[in-house]
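Computed over heavy atoms, backbone and side chain alike; hydrogens, waters and symmetry mates excluded. All figures in this text were calculated on a predicted structure; none of them were measured in a lab. Reminder, nothing fancy here: chain letters follow the sequence lines and each chain counts from 1.
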Amino acid sequence: MTKPSIPRGTRDFSPVVMAKRKYILEAIEKVYRTYGFMPLETPAMENLSTLTGKYGDEGDQLVFRILNSGDFLKEVPVEKKDEATGNYKSLTPHISEKGLRYDLTVPLARYVVMNQNEVDFPFKRYQIQPVWRADRPQKGRYREFWQCDADVLGTDSLLCEADFIQIYHAVFKAIGLKDYEIRINHRKLLEAVVEKANASAHFKTITVIIDKTDKIGIDGVAKELAQLGLGGEQVNIILSLLAKTPFSMDLINQLSDKLKGSKLAEKAIHDLTELFQLTGKGNQKVFFDGSLARGLDYYTGCIFEVVPTSVKMGSISGGGRYDDLTGVFGLKGISGIGISFGIDRIYDVLEELQAFPKDNAIFTDVLFCPMDDKAIAYSIPLANALRGENIRTEIYPQASKLKKQLDYANTKNIRWAAIVGENEMQNNSVMLKHLTSGKQELVDKDKISIFID
RNA sequence: GUAGUCAUAGCUCAGCUGGUUAGAGCAUCGGUUUGUGGUACCGAGGGUCGUGGGUUCGAGCCCCAUUGAUUACCCCA
């Protein structure tokens, strides 16, 4: 017999853990719905032609591939079979045509393009599903994890950006997370600065480097930029952007002065100004962060990231605007913006702050404890009546010793036990015991629900 | 892909410079108590010490390999 195990980087979620995860997921979903986002689900597997080439070379390596069913070797040309040893990459396209979804954004783009005649723009959808990546798991990083995306496609209105900032506030309020910071930046501002530093050829690498500012510090960034071959003056221009300051009109004006004459900067300043006007004041938790870059290179406008401030943890949400997500599938000119919550990290944050509600671990309100088989039959209609009033009720399935039944109630954090024996049945009642206080009372069988809080 | 750490009961871990029959707590089950729990007491089940090889009179402990877990780097959520 083999020892049971699950693939590395995957997890089981116990009932207690699931209750907490649901608490977060339902809060997010509820907020999304209040802003008019509609649910969308897509298959776990996509055709590889949909997935490959969208995430860069590294990303393509991380896509889980699904082996073709049946005689998967029959399509392989003979010469490939011969060279298969040590040359699996040339073999892969012949034996695998499908892969597991790598994120929710590409499937969204695929869906919109396939259904462009039915989709009404602006198209607001949310999607909460697992995604899979074939990389090395480590802390806070899994091969199967959940993304909670919301996107708006088909409008370049800055109201979307403003909405998402409000959504952040609403979600974190709903789950009781008080200490967080929303960081924003603009991709075109980054481009403008890199352009001013005369280093546009290295733009992509530079964004990766400055995105690490939190981790390696300003000095570390300077060092890596120098290693890239940039001169002192170039490095200084880029470093001058990295400060994090409260999001304000003053700040926007400063940026505007600093980058005068740049077309790219003009657009960015315009966006930030409008966003500021739409979000209004009272946003102490919103910061402009020049070091925020986000690795994904499809972002072209405002970008966001949310970081908890009272717990040492990476970003718990991110997002941004992209000009041309559906272009790769042949539908041009659709601007969009999206955000995504990292449920696993939010879970860890709430756990560390002990911010989950205590009654989250309670799954049953009342346990009927029958003393004999007749008592089981007696309990069924009573239990159903309680369930009809939305009281979570179960009947202990055997007329076991009372000690055993109460032990069961204790381990499940059940607060009420309805004990049913000869006496109770004769009196048309149950012995209702409150398990946290130990008090009990003979209660009429039709009036149980009155006592349940 | 690179590097470090770890692997003993279902879980968390003890196990001395290598020495007789590998232990504890928790969890599970039974009992003390024919219908009153969370505490206490008694008892039971559960291990080829990740796997394979080597050194040795003797290996849970030392050496090599291998597999798995975990952490950091790359990249990412």
Is there a donor and acceptor pair closer than 3.5 Å between the side chain of Arg136(A) and the base of rC76(B)?
->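 Checked by distance alone, the answer is no.
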Has the side chain of Glu424(A) got a donor or acceptor that lies under 3.5 Å from a partner of the other kind on the base of rG35(B)?
->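 Such a pair exists between side chain and base.
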Scan [X] against the nucleic acid and name what it touches under 4.0 Å (heavy atoms): base, sugar-phosphate only, or nothing.
X: Asn423(A); value: base
X: Gly318(A); value: nothing
X: Arg141(A); value: base
X: Lys433(A); value: base
X: Lys212(A); value: sugar-phosphate
X: Gly342(A); value: nothing
X: Asn410(A); value: base

Can the ring centres of Phe164(A) and Phe37(A) be said to be less than 6.0 Å apart?
->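 Yes, they do, as the ring centres are separated by less than 6.0 Å.
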Pair Tyr347(A) + Trp146(A): ring centers closer than 6.0 Å = no
Take atom [atom1] in [N] and the same atom in [M], then report the distance between them in whole Å.
N: rU66(B); M: rG25(B); atom1: C1'; value: 33 Å
N: rC57(B); M: rG1(B); atom1: P; value: 42 Å
N: rA59(B); M: rG50(B); atom1: P; value: 15 Å
N: rU20(B); M: rA7(B); atom1: C1'; value: 26 Å
N: rU5(B); M: rC42(B); atom1: C1'; value: 42 Å
N: rU33(B); M: rU39(B); atom1: C1'; value: 15 Å
N: rU17(B); M: rA3(B); atom1: P; value: 32 Å
N: rC13(B); M: rU8(B); atom1: C1'; value: 9 Å

Tell me: [atom1] of [X] to [atom2] of [N], nearest whole Å?
X: Asp12(A); N: rC11(B); atom1: CG; atom2: P; answer: 13 Å
X: Lys412(A); N: rG38(B); atom1: NZ; atom2: P; answer: 19 Å
X: Asp149(A); N: rA77(B); atom1: CG; atom2: P; answer: 10 Å
X: Gln405(A); N: rU34(B); atom1: CD; atom2: P; answer: 15 Å
X: Asp135(A); N: rC73(B); atom1: CG; atom2: C1'; answer: 13 Å
X: Leu62(A); N: rA77(B); atom1: CG; atom2: P; answer: 11 Å

Closest to the 5' end of RNA chain B, once Met371(A) and Ser315(A) are matched to their nearest nucleotides, is Met371(A)
Residue met sooner reading RNA chain B from 5', once Tyr142(A) and Arg8(A) are mapped to nucleotides |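 Closest to the 5' end, via its nearest nucleotide, is Arg8(A).
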Pairs flagged by salt bridge (Lys or Arg N to Asp or Glu O under 4.0 Å) wherever residues 403-419 of chain A is involved - sequence neighbours left out |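 Residue pairs passing salt bridge (Lys or Arg N to Asp or Glu O under 4.0 Å), neighbours aside: Asp365(A)-Arg415(A), Glu394(A)-Lys412(A), Lys403(A)-Asp407(A), Arg415(A)-Asp453(A).
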Using a 4.5 Å cut-off on heavy atoms from C-beta on, say whether the side chain of Val349(A) contacts that of Ile316(A).
-> yes
Side-chain heavy-atom pair Asp372(A), Glu422(A) within 4.5 angstrom cut-off |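 Heavy-atom side-chain distance check passes, below 4.5 Å.
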From the candidates rG35(B), rU71(B), rG37(B), the one with an atom nearest any side-chain atom of Asp407(A) is rG37(B)
Identify all stems in which RNA chain B takes part, counting only runs of at least 3 consecutive pairs (Watson-Crick or G-U wobble, each distance under 3.5 Å), and give each as one range with another, ordered by first number.
-> B:1-7 with B:67-73, B:10-13 with B:23-26, B:28-32 with B:40-44, B:50-54 with B:62-66
